[in-house]
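Down below is the structure, laid out as C-alpha cells.
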2 protein chains.
Amino acid sequence: MKVVTVLRTADRIIHTAVQLFNQHGTGKVSTNHIASAAQMSPGNLYYHFRNKEEIIRAILDQMYAKWNGVWNLPSEGKVTLEDLRSRLIMNFEILWEFRFFYREAIALFQADEQLRQTHLRMMNSRMADQEAFVQRFVEAGVLTIPPDRDILRKLLTACWIVANNWLAFLEMNGTIVTAERFQEGVALIWSILTPYLANRREGDEPPW
Amino acid sequence: MKVVTVLRTADRIIHTAVQLFNQHGTGKVSTNHIASAAQMSPGNLYYHFRNKEEIIRAILDQMYAKWNGVWNLPSEGKVTLEDLRSRLIMNFEILWEFRFFYREAIALFQADEQLRQTHLRMMNSRMADQEAFVQRFVEAGVLTIPPDRDILRKLLTACWIVANNWLAFLEMNGTIVTAERFQEGVALIWSILTPYLANRREGDEPPW
DNA sequence: GTCTATATCGCGATAGAC
DNA sequence: GTCTATCGCGATATAGAC
C-alpha cells in the first residue's frame with residue numbers, strides 16, 4: 001500500500017488557507033494569496049474550488065469532523081471529572097486550530113447562509129452530545145443536581161459560553177495564547193460548577 | 001439657542017455606517033455604500049473621513065463613551081442586586097446597538113493596530129470599574145466572598161465572558177434577539193453567582 | 001491537473017469645479 | 001462642504017494551451 005507523503009492539491013489549498021486566515025483574517029486573504037502561498041497558480045486553485053466561500057466550507061467540514069470525535073462517550077464505566085477536563089482541553093485545541101472561525105463566525109454567516117445552516121446543525125448536535133455527557137455525569141454522582149433543573153440548564157449554558165469564548169477573551173486582552181491558558185479555561189468552568197460538584201451533600205459545609 | 005434638528009454630516013455618516021455594518025458586516029460594506037445610503041457623494045464622505053477604518057474608530061469612540069456611563073457608581077448608599085441588574089441590561093443594550101463590533105472585534109484588530117490599543121485601554125478601564133463595583137457589593141454584604149479570593153476572580157471572569165458573549169451566543173443559534181433575551185442573560189449571571197449571593201452564611205442550607 | 005493570459009468588476013482615493 | 005469625474009489597483013473568475 002502506498003504511503004502518501006504529500007497532500008493532495010485540494011488539501012494543500014485548505015491547509016494553506018487555514019494558516020493565512022488565522023494569521024490575517026478571511027477578509028484580508030484573497031484567493032490569489034492562498035494560491036501563491038500554496039505555490040500554485042490562481043487558475044489551479046479555481047480548478048479545485050469555485051471560490052473562497054467554498055474553501056471556507058471545506059475547512060469547517062474538517063473542524064466539524066474533529067469536533068464529532070470529542071464528545072462521544074466511553075460506552076462503559078463511570079464518567080469522571082478527568083473525562084470532562086480532557087474533553088474541554090480538546091475543545092480548546094480545536095478552537096485554537098481554527099481560530100479564524102470564532103473570530104469572525106457571525107460575519108461569515110452573514111455572507112454565506114449555507115454556512116449558517118450547516119453550523120446550526122453542528123451546534124445542535126454538539127449540544128446534544130454534551131447533554132448526554134452531563135447525564136452520565138449526574139448518574140455517576142459527580143454532579144449534584146439542584147432540584148430545579150432550570151438552574152442546571154443555565155449553568156451549562158454559561159459553561160458553554162465560557163468554553164467557546166475563553167480564547168477570544170484572551171485575544172481581546174492581548175494575551176498570548178499558549179497551552180497553559182487552556183488549563184485556566186478549564187479552571188473557569190470548574191469555578192462555576194464547584195458548588196455542585198464533588199461529594200457535597202445537603203447540609204455539608206460549602207466548598208469554600 | 002438653536003435646536004439642532006438634523007445631524008451634522010460626519011454624524012450622519014457614522015449613523016448610517018453603524019446600520020449597514022450591523023446589517024451586512026464591515027467587510028461587505030464599502031465607503032461607496034455608506035455614502036450612497038447616507039445620500040451623499042463618495043467625495044463628500046472622504047472629505048470627512050480618511051477611510052473606512054477611521055469611520056469605525058469614530059463609531060467605537062461613541063460606544064466607549066456610552067460604556068463609561070454604565071459602571072460609574074452612586075457615590076452614596078448601598079449597592080443592591082438591582083443596581084447590578086440594571087447595569088447588565090445597559091451593557092446588553094450597548095452591545096446590541098453596536099453588534100457589528102462584537103461579531104468581528106478580533107478581526108478588526110488584526111486590520112487596525114491602533115484600534116486594538118484603544119480597545120485595550122477601554123477594556124482595562126471597564127474592568128477596573130467593575131472591580132470597584134464588586135468591592136462595594138461585598139461591603140454591602142450582598143456578596144459572600146469565599147476566603148480564597150482566587151475563586152472570586154475566576155467567577156467574575158466567567159461572568160464577564162458570559163455578559164459579553166451572550167448575544168453572540170444567541171445569534172450563533174439563530175435566535176432572534178429581543179429585549180426579553182437581555183433578561184435571560186442576567187439570569188445566566190445570576191445562576192453563576194447564586195451560591196455566593198443573598199443571605200447565605202456558613203452552615204446555611206444551600207440555595208437549592 | 002496545472003499553467004498563463006486576460007476580462008470584468010468594484011473599491012479606495014483624489015482632483016478640481018461649484 | 002459638496003459634487004462629478006476619474007484613475008489605479010487588486011480581487012474574482014474564466015478561457016484555452018499544455
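The sequence lines fix the lettering, A, B, ..., with proteins before strands; numbering per chain opens at 1. Predicted model only: the values in this text are computed from it and were never measured.
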inquiry  = Heavy-atom count check: over 12 atoms from other residues, nucleotides or ligands less than 6.0 Å from B/E184 CD?
reply    = yes

key: For DNA chain C, the residues among residues 44-53 of chain A that have a non-hydrogen atom under 4.0 Å from it   = A/N44, A/Y47, A/H48

key: Heavy-atom side-chain proximity of A/R103 to A/T26 below 4.5 angstrom   = no

message = Under 4.0 Å, heavy atoms only, any strand: does A/S41 hit a base, just the sugar-phosphate, or nothing?
response = base

message = Given the ring of A/W71, does A/R126 sit roughly above its face, with NZ or CZ under 6.0 Å from the centre of the six-membered ring and within 45° of the axis?
response = no

request  = Find out whether the Lys NZ or Arg CZ of A/R181 is both under 6.0 angstrom from the six-membered ring centre of A/W166 and within 45° of the ring's axis.
outcome  = no

request  = Check whether any side-chain heavy atom of A/I13 sits under 4.5 Å from a side-chain heavy atom of A/M40, and report yes or no.
outcome  = yes

task = Evaluate the criterion side chain to side chain contact (heavy atoms under 4.5 Å, CB included) for residue pair A/N164 and B/F169; output intermediate values, then yes/no.
result = CA-CA 9 Å; A/N164 282 285; B/F169 169 83; over 6 Å; no

Residue from A/Q117, A/H119, A/R57 passing side-chain hydrogen bond (donor to acceptor under 3.5 Å, both in side chains) with A/D112 = A/R57

query = Using a heavy-atom cut-off of 4.0 Å to chain B, what are the terminal contacting nucleotides of DNA chain D, in 5' to 3' order?
reply = D/dG1 to D/dT4

query = Do A/N68 and A/N72 have side-chain heavy atoms sitting under 4.5 Å apart?
reply = no

